[in-house]
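Below, all heavy atoms of this structure are taken into account, side chains as well, without hydrogens, waters or symmetry copies.
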Amino acid sequence: MNITEITKAAGAHRRRKRVGRGEASGHGKTSGRGTKGAGARTGAKQRLLFEGGSLPIFRRLPKRGFSNFNFRTEYQVVNVGDLDATFEPNSHVTAATLKTAGLIHDADGSVKILGDGTVSKKLTVEAQRFSGQAVKKLESAGGAVKKLGPQPKKKFIPRPPAPKAKDAPAEGGKVKGKKAEEADTQGEAKPKKKPEGAKPKGDAKPDSGKNKE
């Protein structure tokens, strides 16, 4: 017989609590239900966060602002100076090797490389995010950078410059094509054509047949 066999069985079968067997039993009279109210009746239940009819706490507290706690991404930060001091030249740095070296605590978590420190070794580094200075320092030392996973989109994309208006021809220059013809026609005043059937201007009116003698 083992002691674990005894302790495993101890308390496995508890006696049922018998209520309403007189006051001397310890569970008599009200049978542990208290006095009156819904709790003393059969089938009484209470909903979650019920506070006896008073305004519950989740309604008493105001809702203010916005929290990004549930949506933000936590990165394990490593500086390029730590990489240079820890790894040998031509090393391939991944999350697993960073954890083995003690620079991060979770090999499955996201890693961000920052640019604090100097790099004198050629390293190939894999991570989810890199700062601009970290990329410059690693590549200037002859290393390479490999970005893992989807990358964030640029918040601001500059628009292309507006097309410039065509410059007017310099003085003494010639304008070719249709523009030359338009310039010539603008300089010369065109004679106005009289509409057909127009009456001649002046006070004289043509004699009608009635005035003839």
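In the model, Asp84 has a side-chain atom that pairs as donor or acceptor with a side-chain atom of Ser120 under 3.5 Å.
Across Lys99 and His105, no two heavy atoms sit closer than the pair CE-O, 3.8 Å. Of all the heavy atoms in Ala96 and Ala107, the pair that sits closest is CA-CB, 4.4 Å. Between Ala38 and Ala44, the shortest heavy-atom contact is O-CB, 2.8 Å. When all heavy atoms are compared, the tightest approach of Lys121 to Ala141 is O-CB, 3.6 Å.
Checked by atom type and distance alone, the side chain of Lys137 pairs as donor or acceptor with a backbone atom of Gly117 at under 3.5 Å. Put simply, the side chain of Ser31 never gets that close to the backbone of Gly28: no donor and acceptor are under 3.5 Å apart. Remark: side-chain polar atoms of Ser140 are paired, donor with acceptor, to backbone N or O of Lys136 under 3.5 angstrom. Formation of a donor-acceptor pair under 3.5 Å by the Glu51 side chain with backbone atoms of Ile57 is found in this model. Of the possible donor and acceptor atoms, one in the side chain of Arg60 sits under 3.5 Å from a partner among the backbone N and O of Leu55. At least one donor-acceptor pair closer than 3.5 Å links the side chain of Gln151 to the backbone N or O of Gly149. Looking at Arg129, its side chain never comes within 3.5 Å of a backbone N or O of Val111 through a donor-acceptor pair. One N or O on the side chain of Ser67 and one on the backbone of Phe69 form a donor-acceptor pair closer than 3.5 Å. Panel note: side chain Thr86, backbone Leu83; no donor-acceptor pair is recorded below 3.5 Å. Asp106 places a side-chain N or O within 3.5 Å of a backbone atom of Asp108 that can act as its donor or acceptor partner.
A 4.5 Å side-chain heavy-atom check between Thr97 and His92 finds every atom pair outside the cut-off. Side-chain contact between His27 and Lys17: present, with at least one pair of heavy atoms (C-beta onward) separated by less than 4.5 Å. Annotation: side chain of Ile113 is in contact with side chain of Val80 (closest heavy-atom distance under 4.5 Å). Between Phe87 and Leu103 there is a side-chain heavy-atom pair separated by less than 4.5 Å. With a 4.5 Å cut-off on side-chain heavy atoms, Lys112 and Leu114 count as touching. In this structure, Phe130 and Val125 have side chains that are in contact, with non-hydrogen atoms separated by less than 4.5 Å.
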Practice task
Report the C-alpha separation of Thr124 and Glu126 in whole Å, then their side-chain angles, then the decisive distance to 0.1 Å, and conclude whether the side-chain contact (heavy atoms from CB on, under 4.5 Å) test is met.
Solution key: CA-CA 7 Å; Thr124 303; Glu126 293 183 5; 5.5 Å; no
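The neighbour count for Arg41 CZ, taken as heavy atoms of other residues, nucleotides or ligands under 6.0 Å away, is above 12. Heavy-atom neighbours of Arg59 CZ from other residues, nucleotides or ligands within 6.0 Å: at or below the threshold of 12.
In this structure, the separation between CD on Gln76 and CD on Gln128 is 9.0 Å, given to the nearest 0.5 Å. Between the OG atom in Ser110 and the CD atom in Glu74 there is a gap of 10.0 Å [rounded to 0.5 Å]. Atom CG of Leu98 and atom CG of Asp82 lie 10.0 Å apart (nearest 0.5 Å).
Hydrophobic clustering, with ILVMFWY side chains joined whenever heavy atoms are under 4.5 angstrom apart, keeps Val93 apart from Val77.
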